[in-house]
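Nothing here was measured: the structure is a model prediction, and the numbers come from that model. Along the sequence shown, the residues carry numbers beginning at 1. Below, all heavy atoms of this structure are taken into account, side chains as well, without hydrogens, waters or symmetry copies.
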Amino acid sequence: MRSYQALFRVPEFTPLFLSTSLRWAAGTVAGPALGTLVWMGTGSPLLSAVSMFTPQLAQVVGATTLLSAADRIAPRAALTLIALTYAVGTAALTLPGLPVAALLGISLALGLVASLGGGVQWGLLNEILPKDGYLLGRSVFNMANGLTQVAGFAVGGVLVAVVSPRAALLLAALLYLLAALGTRLGLGRRPPRASGRPSIRATWRANALLWSDRSRRLTFLGLWLPNGLVVGCESLYVAYAPHAAGTLFACAAAGMFVGDVLVGRVLPPSVRSRLATPLLVLLAAPYTLFLLRPTVPVAAVAVTLASVGFGASLVQQERLMAHTPDELSGHALGLHSAGMLTMQGVAATLAGTVAQLTSPARAMTAMAVASLTVTGLLALAGTRRRSAAPAPAPSATP
């Protein structure tokens, strides 16, 4: 499957695509609005950064307790319930007089609910599309994510600046509600992909099985760590340029869009399979310029260029699916998603702490250097693994 037109002819792809895009748009509008609300109330770079990524911090709890349900519950019901819960929770964030602790508590609860979303959603996508269509399909979702972020950050930035952060949060709640409606009406009823009752024991057993293979371990770490550390840089846009954060977020989304088009549609498989490490280097290197405290236009160019490197995740996900049994595809993709989002939340907290002690510019530089270091270590480990692999057995025929 090599064309976007073929993707949209697949039954259920379009409603899944549209409902997911609505949820992403809602999250894009809500994140900076919540960060701005906390910044206005506290003036703290740490709390502002953490508030935007608090739901991600709950992902690790879901990954270790709830993830076995990703392949054991009906996808339509699960995705509808998750969107409805987010609609209610996001609306609750607009209540006047809520202390910062309450805002963070609601965000954590939403993150725990959402920890199932990645596994259910991407497992369903893997089920809907033929085997050769997953990477192209995922690239379309990533491109949509980039476009919805550009639009969402623009709209959210205007609402925050002209009206209030609470108005942006109410718009996000409405978008989540529309996403729930689209999922319920657009997707067909499908049985769970795996049998058995979801449990903490089943979650741990599947996690252990997935983690037991060294190739999968390195792929998971490559999906989680370099990317998460760079998101720590992104979490400081508000603190670095409070009046231009929306511009920086939109530029990052545009760069991600370009990277997804290149990897998912333009580059042939023989080329893209070798680009994971170079793209991860590109993802972090431009952020080292922030040590010089560039002006907003220069920062916007650096952010756009860096975000092209997010295309590395498509290469890594294709590699992960090639090494994962079909009955664990949803769990593996959920573990990837939960681990990635958890790392993003951890990195945002770490970046905010460093910014609190030094400055946003220095913290962004430090996170970029850390990402480059991790990328180098993972590339070295992958090279050692390949060199240590046993040679193929000699052929029995001359």
Side-chain angles (χ1 to χ4, degrees), residues 28 31-32 35-36 39 45 48-49 52-53 142-143 145-154 156-157 222 225-263 266 275-315 340 343-344 347-356 358-376 379:
T28 301
T36 302
W39 171 264
S48 175
M52 292 174 58
F53 293 91
N142 285 5
M143 288 187 292
N145 191 13
L147 290 175
T148 55
Q149 284 189 39
V150 171
F153 286 132
L225 299 178
N227 147 331
L229 290 165
V230 169
V231 170
C233 299
E234 295 182 347
S235 73
L236 294 173
Y237 289 169
V238 172
Y240 182 81
H243 302 295
T247 298
L248 295 180
F249 278 117
C251 287
M256 185 174 67
F257 176 84
V258 172
D260 288 327
V261 172
L262 287 174
V263 175
V266 176
L275 288 183
T277 297
L279 285 170
L280 289 175
V281 171
L282 176 62
L283 179 62
Y287 280 101
T288 59
L289 296 175
F290 278 79
L291 184 62
L292 303 177
R293 301 191 180 186
T295 61
V296 170
V298 175
V301 172
V303 163
T304 303
L305 181 62
S307 297
V308 174
F310 278 116
S313 68
L314 290 174
V315 181
M340 178 185 67
M343 185 59 205
Q344 290 176 1
T349 303
L350 178 60
T353 302
V354 176
Q356 191 83 24
T358 57
S359 71
R362 290 183 179 180
M364 294 165 83
T365 305
M367 301 302 285
V369 170
S371 179
L372 289 169
T373 302
V374 170
T375 295

Handout entry: Distance, nearest 0.5 Å, that separates CE of Met364 from CG of Leu289
Key = 10.5 Å
Handout entry: Residue pair Ser359 / Phe290, side-chain heavy-atom distance below 4.5 Å
Key = no
Practice task
Under the side-chain contact (heavy atoms from CB on, under 4.5 Å) rule, what do Gln344 and Asn227 come out as? Steps first, then yes or no, please.
Solution key: CA-CA 8 Å; Gln344 290 176 1; Asn227 147 331; 3.4 Å; yes
Completion exercise
Looking only at heavy atoms, the pair that brings Thr304 and Cys251 closest together is OG1-CB, 3.2 Å
Problem - Partners meeting ring pair (Phe, Tyr, Trp, His ring centres under 6.0 Å) with Phe310 (sequence neighbours left out) - result: none
Exercise for the section: Using a 4.5 Å cut-off on heavy atoms from C-beta on, say whether the side chain of Asn142 contacts that of Val263. Expected result: no
Handout entry: Ser371 side chain to Ala368 backbone, donor-acceptor under 3.5 Å
Key = no
Practice task
State whether the side chain of Ser307 and the backbone N or O of Ala252 hold a donor-acceptor pair below 3.5 Å, judged by distance alone.
Solution key: yes
Practice task
Return the minimal non-hydrogen interatomic distance between Val315 and Ala276, and the atom names on each side.
Solution key: CG1-CB, 4.2 Å
Practice task
Calculate, to the nearest 0.5 Å, the distance between atoms OG and CG belonging to Ser313 and Asp260 respectively.
Solution key: 6.5 Å
Handout entry: Least distance between heavy atoms, Leu280 atom then Gly222 atom
Key = CD1-O, 4.4 Å
Exercise for the section: Starting from the C-alpha separation in whole Å, work towards a yes-or-no answer on side-chain contact (heavy atoms from CB on, under 4.5 Å) for Leu225 and Met343. Expected result: CA-CA 7 Å; Leu225 299 178; Met343 185 59 205; 3.8 Å; yes
Exercise for the section: Report the distance from atom OG1 of Thr277 to atom CG of Leu282, rounding to the nearest 0.5 Å. Expected result: 12.5 Å
Exercise for the section: Verify, without hydrogens or angle tests, whether Thr288 (side chain) and Ala285 (backbone) share a donor-acceptor contact under 3.5 angstrom. Expected result: yes
Completion exercise
In short, Leu236 meets Pro360 closest at the heavy-atom pair CD1-O, 3.8 Å
Exercise for the section: Can you see which heavy atom on Gly232 is nearest to which on Ser235, and at what distance? Expected result: O-OG, 2.6 Å
Practice task
Among Val303, Leu229, Val369, Thr365, find the one that has a side-chain contact (heavy atoms from CB on, under 4.5 Å) with Tyr287.
Solution key: Val303
Fill in the blank from the handout: Heavy-atom closest pair (Leu248 atom, Val296 atom, distance to 0.1 Å) is CD2-O, 4.4 Å
